[in-house]
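These notes are about the structure you will find just below.
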Protein chains: 2
Amino acid sequence: MTDISTRPASPTLDEVAVLAGVSRATVSRVVNDSPRVSPEARAAVHSAIAELRYVPNRMARSLVTRRTDTIALVLNEPNTQVFSDPFFASIVRGVSATLADTDLNLVLLTAQDEREQQKIGRYARQGHVDGVILMSVHSNDPLPDILADAGMPLVMCGRPFDDRAVAYVDADNRGGAEAATAHLIATGHSRIATITGPLDMIAGVDRLAGHRAALTAAGRQVHPELEAEGDFTEVGGARAMESLLARDPELDAVFVASDPMAVGALRALRAAGRRVPEDVAVVGFDDAAVAARCDPPLTTIAQPLTDMTPLLTELLLRQIEGVGEPAESRVCHTSLVRRASA
Amino acid sequence: MTDISTRPASPTLDEVAVLAGVSRATVSRVVNDSPRVSPEARAAVHSAIAELRYVPNRMARSLVTRRTDTIALVLNEPNTQVFSDPFFASIVRGVSATLADTDLNLVLLTAQDEREQQKIGRYARQGHVDGVILMSVHSNDPLPDILADAGMPLVMCGRPFDDRAVAYVDADNRGGAEAATAHLIATGHSRIATITGPLDMIAGVDRLAGHRAALTAAGRQVHPELEAEGDFTEVGGARAMESLLARDPELDAVFVASDPMAVGALRALRAAGRRVPEDVAVVGFDDAAVAARCDPPLTTIAQPLTDMTPLLTELLLRQIEGVGEPAESRVCHTSLVRRASA
DNA sequence: GGTCTGTGCGGGAGCGCTCTCACAGTGGCA
DNA sequence: TGCCACTGTGAGAGCGCTCCCGCACAGACC
């Protein structure tokens with residue numbers, strides 16, 4: 001079979017070496033910035049590279065170095081709505097910016113279902129990436145196990161469900177939620193509801209726990225009918241708010257476990273004729289950009305994303321470099337941002 | 001230097017071959033589903049693979065096959081807001097679903113600025129991917145040229161600015177916009193404004209052209225003061241609407257070049273005390289999920305995303321397989337979806 | 001019995017790179 | 001002058017895989 005390919009065969013190290021009149025080893029040294037090369041040889045190699053438009057073949061290099069200089073950020077999310085959550089965009093942007101100055105590449109991988117998670121697991125195990133940052137993990141996801149079993153460097157954004165020894169970076173969800181509800185209590189509200197995140201996600205669970213802890217600490221009762229589960233989307237938040245209102249029309253405050261859901265809740269409250277904050281006070285969680293510009297501006301819990309994203313990459317790189325060191329984790333402080341809604 | 005790595009060395013083809021009592025070649029045949037293997041040998045290899053938990057090293061394979069079985073979807077977008085546009089989520093989800101049944105992997109690459117585009121260009125040229133789908137191209141982006149020059153199989157989502165020979169899939173933006181404004185004319189509106197997309201993007205340019213064409217076809221004048229440039233975001237849409245209202249308080253209709261912007265425009269109109277559609281009729285573009293649930297439900301132009309995403313991958317795969325064939329392109333029809341806003 | 005086709009399998013080269021090692025050349029120092 | 005470091009360089013092995021080629025053997029056919 002003759003090769004009728006019209007795609008230009010890319011030049012190899014050898015061709016560069018021949019053109020520059022040096023050995024392959026020297027070209028390799030120049031490409032990898034080794035100091036032990038004479039200025040003349042370096043110049044000759046550089047001009048040969050330019051002339052041939054040489055680009056190193058990463059597959060060949062990776063085969064010997066066992067490194068791809070690529071890390072994966074996995075968005076593990078069946079719900080398309082959530083995919084456009086500003087929280088994700090911020091993390092992606094932050095990690096990407098952190099890596100911009102390095103020669104590391106970032107690839108995003110998305111999984112809608114378990115099958116796609118398996119596929120991503122295979123992709124990682126086949127050696128395409130040096131490490132993985134895992135976002136939006138649900139309780140039954142197989143991916144953390146697949147990756148951990150394969151010995152793949154891994155950092156989770158959000159702590160794992162069980163107390164496994166995996167590195168993670170998380171916001172203090174429990175503390176933040178506690179502060180939110182404590183604020184609602186301190187400002188004199190008596191019937192405080194909550195719209196939780198999905199309870200198969202640790203952020204959902206922890207924020208609910210914080211809310212309950214604040215109630216308990218203040219000597220209040222925890223009322224199950226004042227808790228509605230949302231899904232971190234605006235639509236889900238609106239739906240949960242309607243359901244809470246139906247169950248207890250007298251409620252006078254609500255802690256909503258994410259800003260997109262809070263926007264939905266605000267909409268539902270307006271539709272139900274409630275004024276915010278006069279009739280019902282609302283506190284969100286995230287301090288997303290939307291929080292400042294919704295009506296009324298949303299009191300919310302700020303997640304320290306500017307701390308979290310560099311940490312995420314730092315912990316991962318440390319694992320990739322210092323193989324065998326124990327995985328480290330970090331929890332970042334949250335803070336209450338007071339605006340008009342509560 | 002002794003290797004103190006604790007990461008388990010992954011087993012190789014050779015080890016599988018030894019354990020199964022066959023040659024490397026036979027293991028390779030089994031792994032690649034070649035029919036010329038006896039059932040006994042196949043079974044032996046399979047059990048050896050299972051026992052060793054063997055995963056083929058893709059770098060080694062790619063080195064010889066010149067294939068990575070990975071394609072990249074590049075989101076080329078400086079504006080983080082736009083990153084959470086539902087349109088992107090739909091494309092990503094669609095392409096991902098199309099590839100789910102194949103053994104092709106999909107990676108998402110994002111570029112916020114030109115430097116990151118260069119980095120992506122390098123990533124692609126180094127041989128990490130077999131082909132690229134490029135989204136959200138702005139007029140000065142260097143990436144299309146970098147990729148095309150490197151002979152990388154490429155399909156653009158949205159036609160290119162110049163009439164270069166690059167494959168693309170696009171919606172009929174001009175026709176859709178024309179239909180939108182024609183609808184506004186037909187329903188008796190006289191002062192029809194438009195909020196355009198970014199005019200450094202072809203979708204922005206084409207939709208504006210369609211709007212103007214509809215006005216001209218109806219014998220109307222094109223008024224520059226009734227055109228405001230948005231950025232495809234909700235915030236940008238609201239801002240553009242305010243500016244239009246300030247310039248011409250009497251306007252009675254507006255064609256908004258994307259649904260997120262239309263949501264912003266709706267908000268601005270409400271804030272300005274205008275009723276929709278009684279005072280001002282609004283038509284959007286996209287038929288995003290949000291269009292059906294905003295208040296009032298949005299009349300909009302549907303993009304045939306379910307046609308477009310399979311086409312995107314199909315055209316790319318055809319380029320990857322049939323090297324040297326001329327690049328093919330497609331334009332998909334749009335349709336008016338009538339709801340309450342116009 | 002001899003030749004031929006077909007099937008299953010293994011040997012071995014080679015994909016493009018890195019990296020160890022050896023070697024020639026230079027200069028410093030006793 | 002002799003010895004030792006040190007520096008720049010090249011030869012060559014080898015990373016894990018695929019794939020071409022050739023061999024052994026089985027069965028079909030003259």
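Everything quoted here is computed from the prediction, not taken from an experiment. Below, read A as the first sequence line, B as the second, and so on, with proteins coming before strands; counting in each chain starts at 1.
Remark: B:Thr26 is not in phosphate contact with C:dG8, judged by side-chain N or O atoms under 4.0 Å from OP1 or OP2. Close to D:dC17, at under 4.0 Å from its OP1 or OP2, lies no side-chain N or O of B:Ser28.
Each of B:Thr70, B:Asn105, B:Asp69 was scored for a side chain to side chain donor-acceptor pair (under 3.5 Å) with B:Arg58, with one residue passing: B:Asp69.
In this structure, A:Ser329 contributes its side chain and A:Tyr168 its backbone to a donor-acceptor pair below 3.5 Å.
Comparing the start and finish of the helix from C:dG1-D:dC30 to C:dA30-D:dT1, five pairs each, the helix axis swings through 60°, to the nearest 10 degrees.
A straight line from CD of B:Gln126 to P of C:dC17 spans 11 Å, rounded to a whole angstrom. Put simply, CZ on A:Arg67 is 14 Å from P on C:dT18, counting in whole angstrom units. Atom-to-atom, CZ of B:Arg42 to P of C:dG8 comes out at 10 Å; the value is rounded to the nearest Å.
With salt bridges taken as basic N to acidic carboxylate O contacts below 4.0 Å, none links A:Glu114 and A:Lys119.
Here the nucleotide nearest the side chain of A:Arg29, chosen from D:dT9, C:dG10, D:dT18, is D:dT9. Taking every side-chain heavy atom of A:Val22 into account, D:dG10 is the closest of D:dT9, D:dG10, C:dT7.
No side-chain N or O of B:Asn57 forms a donor-acceptor pair with one of A:Gln126 less than 3.5 Å apart. Using modelled atom types and a 3.5 Å distance limit, the side chains of B:Thr68 and B:Asp130 yield a donor-acceptor pair.
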Taking only nitrogen or oxygen atoms into account, show me every contact under 3.5 Å that the protein makes with nucleotides 12-16 of chain D, one pair per line with its distance.
| residue | atom | partner | partner atom | Å |
| --- | --- | --- | --- | --- |
| D:dG12 | O6 | A:Arg24 | NH2 | 3.4 |
| D:dA13 | N6 | A:Arg24 | NH2 | 3.0 |
| D:dC15 | O3' | A:Arg66 | NH2 | 3.4 |
| D:dG16 | N2 | B:Ala60 | O | 3.3 |

Could you go over nucleotides 26-28 of chain C and give all protein N or O partners under 3.5 Å, atom names and distances?
none

